[in-house]
There are 2 protein chains.
Amino acid sequence: MRWNEISKMTCSVARSLSVVGDRWTMLILRDAFLGLRRFEDFQNDLGMTRHRLADRLRKLVADGILKRVAYQSRPKRYEYRLTEKGIDLYPVIVSLLKWGDRWMAGAEGVPIELVHRKCGAHITPALTCPHCNDELNARQMMARPGPALLKHRARSKNRGRHDPPISV
Amino acid sequence: MRWNEISKMTCSVARSLSVVGDRWTMLILRDAFLGLRRFEDFQNDLGMTRHRLADRLRKLVADGILKRVAYQSRPKRYEYRLTEKGIDLYPVIVSLLKWGDRWMAGAEGVPIELVHRKCGAHITPALTCPHCNDELNARQMMARPGPALLKHRARSKNRGRHDPPISV
DNA sequence: TTGACTGAGTTCTATTTTGGAACTTAATAT
DNA sequence: ATATTAAGTTCCAAAATAGAACTCAGTCAA
């Protein structure tokens with residue numbers, strides 16, 4: 001199976017990765033969340049080739065995650081800003097950040113700290129249950145097929161090994 | 001810059017991606033969270049080549065995210081299970097799931113629903129501030145350099161454009 | 001009014017990574 | 001003896017990426 005076919009999987013994780021799962025894409029978005037907007041800034045910060053960067057930016061714009069906005073005319077220059085769809089990826093980046101802080105940080109401590117503007121606290125965001133407000137972890141959760149997966153199975157009747165509701 | 005050098009960046013997101021940012025890796029982990037453990041099961045479910053799969057599993061084991069456990073002898077057979085380090089990636093997967101549910105789901109609804117065992121509710125987990133319990137989004141957060149980044153800057157004195165504390 | 005400089009790309013080639021398909025190996029089952 | 005199963009390997013072709021140089025439109029400074 002080719003990578004570009006994963007967008008057709010009946011799985012939200014796969015569909016998300018078809019958009020942000022490419023090499024460099026997530027790091028471009030990290031930079032965007034840190035306030036970078038211009039081609040040269042991304043290129044300087046990431047050290048990726050201009051070629052790849054141009055490609056990735058184009059794809060992110062096509063996918064509605066960044067928008068290309070003129071910031072001057074004569075000469076026309078464009079910068080890249082997060083759309084609402086892009087901003088909504090924040091939890092993904094923060095989760096990666098948090099995991100990296102815990103499992104990949106050296107003796108020097110963490111590279112970046114997050115502050116919640118509203119309450120002013122320096123925090124590490126947590127995944128919680130919006131119903132009971134408990135902090136969540138994988139063992140407390142259970143996955144079950146949703147409507148799209150049920151329809152998909154009814155159509156293709158390839159009922160396989162991990163068909164029933166599954167625990168994590 | 002080559003992709004394998006990103007693990008040296010002073011950034012937890014980059015370091016995390018150096019481990020789980022490869023093509024397929026995150027999907028292997030999704031399957032692991034859904035309960036899959038065996039080579040053949042991963043291969044059947046994902047449709048990736050056995051070659052790549054073997055490679056990725058090896059790397060995930062080397063990185064301490066999966067462990068290779070014998071589940072029978074004669075013939076010796078091994079399965080792959082999440083370690084604590086692997087289980088701790090759950091928020092990353094869930095964040096991707098949630099984003100995909102919101103931005104990539106079709107008219108058929110979502111592929112998978114999550115249930116919180118403890119309270120029994122069907123929920124979509126949210127990122128919250130552990131201090132004030134508010135649900136978080138990017139605009140409410142601010143990033144500032146942590147100890148590792150400050151040391152890194154002091155060493156390399158390449159003080160660049162996005163050096164000061166940055167808002168998202 | 002020529003010559004250097006900027007920012008945002010594009011083009012070219014060489015290298016690395018993937019994908020596809022067939023093959024291996026050890027043990028069991030028929 | 002032969003087929004089957006699970007977990008890989010091997011080999012070749014195709015695709016993606018890295019590195020470096022080049023383009024292009026407009027500005028600035030002498």
Side-chain angles (χ1 to χ4, degrees), chain A residues 1-9 14 17-28 31-32 36-62 66-81 160-162, chain B residues 1-9 14 17-28 31-32 36-62 66-81 160-162:
Chain A
M1 181 186 256
R2 297 216 184 62
W3 181 252
N4 69 301
E5 297 175 54
I6 69 161
S7 65
K8 290 173 214 143
M9 287 184 176
L17 290 171
S18 74
V19 174
V20 299
D22 271 317
R23 263 182 197 184
W24 295 112
T25 297
M26 211 68 103
L27 288 180
I28 292 171
D31 274 2
L36 302 215
R37 296 179 167 180
R38 299 191 186 172
F39 191 94
E40 297 295 323
D41 293 340
F42 288 117
Q43 210 275 319
N44 289 333
D45 187 64
L46 294 174
M48 64 189 294
T49 69
R50 311 174 69 73
H51 189 54
R52 286 292 87 215
L53 177 58
D55 242 47
R56 289 291 176 262
L57 289 173
R58 211 180 348 256
K59 185 162 185 285
L60 285 167
V61 170
L66 297 177
K67 57 191 166 198
R68 191 158 170 272
V69 182
Y71 68 87
Q72 74 171 35
S73 30
R74 288 199 324 283
K76 256 293 187 195
R77 293 278 187 262
Y78 297 90
E79 60 181 20
Y80 297 88
R81 298 197 198 183
R161 186 187 307 248
H162 65 295
Chain B
M1 182 187 256
R2 297 219 181 61
W3 181 253
N4 68 300
E5 296 174 55
I6 69 162
S7 64
K8 289 173 216 143
M9 287 184 175
L17 289 172
S18 75
V19 174
V20 298
D22 272 315
R23 262 186 197 181
W24 297 113
T25 297
M26 211 69 102
L27 289 179
I28 292 171
D31 274 2
L36 302 214
R37 294 178 169 181
R38 298 190 187 173
F39 190 94
E40 297 295 322
D41 293 341
F42 289 116
Q43 210 276 318
N44 288 333
D45 187 63
L46 294 174
M48 63 190 292
T49 68
R50 310 175 70 73
H51 189 57
R52 286 292 87 217
L53 177 57
D55 242 47
R56 290 292 175 259
L57 289 173
R58 211 179 349 255
K59 185 162 184 286
L60 285 166
V61 170
L66 296 178
K67 58 191 165 196
R68 191 159 170 271
V69 181
Y71 67 88
Q72 74 171 35
S73 30
R74 287 200 325 284
K76 245 334 178 171
R77 293 278 187 263
Y78 296 90
E79 61 181 18
Y80 296 89
R81 300 197 196 184
R161 185 188 309 247
H162 65 294

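Just so we're on the same page: letters track the sequence lines, and every chain starts at 1.
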Do A:Lys67 and A:Tyr80 make a side-chain contact, defined as non-hydrogen atoms from C-beta onward lying under 4.5 Å apart? no
5' to 3', nucleotides 9-20 of chain C under a 4.0 Å protein heavy-atom cut-off (B base, S sugar-phosphate only, - none) gives BBB-----SBBB
Once you round it to whole Å, what is the distance between P of C:dA8 and CD of A:Gln43? 11 Å
With a non-hydrogen cut-off below 4.0 angstrom, is A:Arg77 in contact with a base, only sugar-phosphate, or nothing? base
Closest approach of A:Leu53 and A:Phe42, non-hydrogen atoms and distance? CD2-CB, 3.8 Å
Quick check: closest heavy atoms across A:Ala32 and A:Leu66, and the distance to 0.1 Å? CB-CD2, 4.5 Å
Whole angstrom value for the distance that separates C1' of D:dG19 from CG of A:Leu53: 15 Å
Residues B:Glu79 and B:Arg77 bridged, charged N to O under 4.0 Å: no
Can you tell me how far P of D:dA6 sits from CZ of B:Arg74, to the nearest Å? 18 Å
Identify whether any heavy atom of A:Phe42 sits under 4.0 Å from a base atom; if not, whether one sits that close to sugar-phosphate; answer base, sugar-phosphate or nothing. nothing
In whole Å, I'd like the distance from the CZ atom of A:Arg37 to the P atom of C:dG7. 16 Å
Decide yes or no for A:Asp22 and A:Trp3: does some side-chain heavy atom of the first lie under 4.5 Å from some side-chain heavy atom of the second? yes
For atom CD of B:Glu79 and atom P of D:dG8, their distance in whole Å: 11 Å
Integer-rounded Å distance: D:dA6 P and B:Tyr71 OH: 7 Å
Quiz: residues 55-62 of chain B side-chain donor-acceptor pairs under 3.5 angstrom, not counting sequence neighbours:
| unit_1 | atom_1 | unit_2 | atom_2 | d |
| --- | --- | --- | --- | --- |
| B:Asp55 | OD1 | B:Arg58 | NH2 | 3.1 |
| B:Asp55 | OD2 | B:Arg52 | NH2 | 3.4 |
| B:Arg56 | NE | B:Arg23 | O | 3.1 |
| B:Lys59 | NZ | B:Ser18 | O | 3.1 |

A:Lys76 NZ to D:dG26 C1': how many Å, rounded? 14 Å
